[in-house]
Amino acid sequence: MATVVAVEKKKLDNPPLDIHYLGDRVLRQPAKRVSKVDDKLRTLITQMLQTMYSADGIGLAAPQIGVNKQLIVIDCEYDDPDSPPLVLINPKILRSSQQTCGSDEGCLSVPGVYLEVVRPEAIEVSYKDENGKPQKLQASELLARVIQHEMDHLNGVMFVDRVENDLALTEELKKKGFALSAVQPIK
Ligand code: CO
């Protein structure tokens, strides 16, 4: 079946959804499982993709737009108009590699802040796609990182919670006008 969410990869003057920022309570609530993948959900998926492309993002999780659902959109190939985006509904990590790696991350909910986060280098994830079909995916490098970052959002976790360099974290947040108290460090 062809993908049902065909969204043009371009910036809109008025993206359909508002993104919530670090410090907003909605980002800290655990998301609920999606029980039905229907046209209403696909409309939301379309709007999330439009909002993500408009903000130059490569991933967006439903809690970031104030929707308490286990739903993620990702597109690491934003330069390729023919490469379909990845839609993850009720994702679950089945396996994570022992090997970890560190790389700078950013987040549409913490604009302008880029800091190093250490994560497993590869993962295997199960999920439902936008047609409600169960899928499995093995990912490594950037895609693995984006999936883990977005899945954190579904648990109310922000990437800044995982930053180990306290000094850099304090400086960067201050520079971009975010309160350090909005961070909930993971120990
Ligand atoms: Co994020």
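When a ligand or atom number is given, it counts from 1 through the structure's own listing order. These figures come from a predicted structure and were not determined experimentally.
- Counting only protein atoms, the N, O or S atoms lying less than 2.8 Å from the Co ion (ligand 1) are Cys107 SG, His149 NE2, His153 NE2, ordered by chain and residue number.
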Just distance, no hydrogens or angles: give the donor-acceptor pairs under 3.5 Å from side chains in residues 8-16, sequence neighbours left out.
from, atom 1, to, atom 2, distance (Å)
Lys9, NZ, Asp75, OD2, 2.8
Lys9, NZ, Glu77, O, 3.1
Lys9, NZ, Asp80, O, 2.7
Lys9, NZ, Ser83, O, 2.6
Lys11, NZ, Asp56, OD2, 2.8

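- In this structure, Lys92 NZ and Lys128 NZ are separated by 13.0 Å, a value rounded to the nearest 0.5 Å.
- Sorted by first and then second residue, the pairs that involve residues 133-182 and meet ring-ring contact (aromatic ring centres under 6.0 Å, His included), not counting sequence neighbours, are His149-His153, His149-Phe159.
- Considering OG of Ser109 and CG of Leu27, their distance stands at 4.5 Å, rounded to 0.5 Å.
- Judged by distance alone, with hydrogens and angles left aside, the side-chain atoms of Gln70 form a donor-acceptor pair with the main-chain N or O of Ala31 at under 3.5 Å.
- Within the structure, no pair that satisfies the salt bridge (charged side-chain N to carboxylate O under 4.0 Å, His left out) test touches residues 60-71, not counting sequence neighbours.
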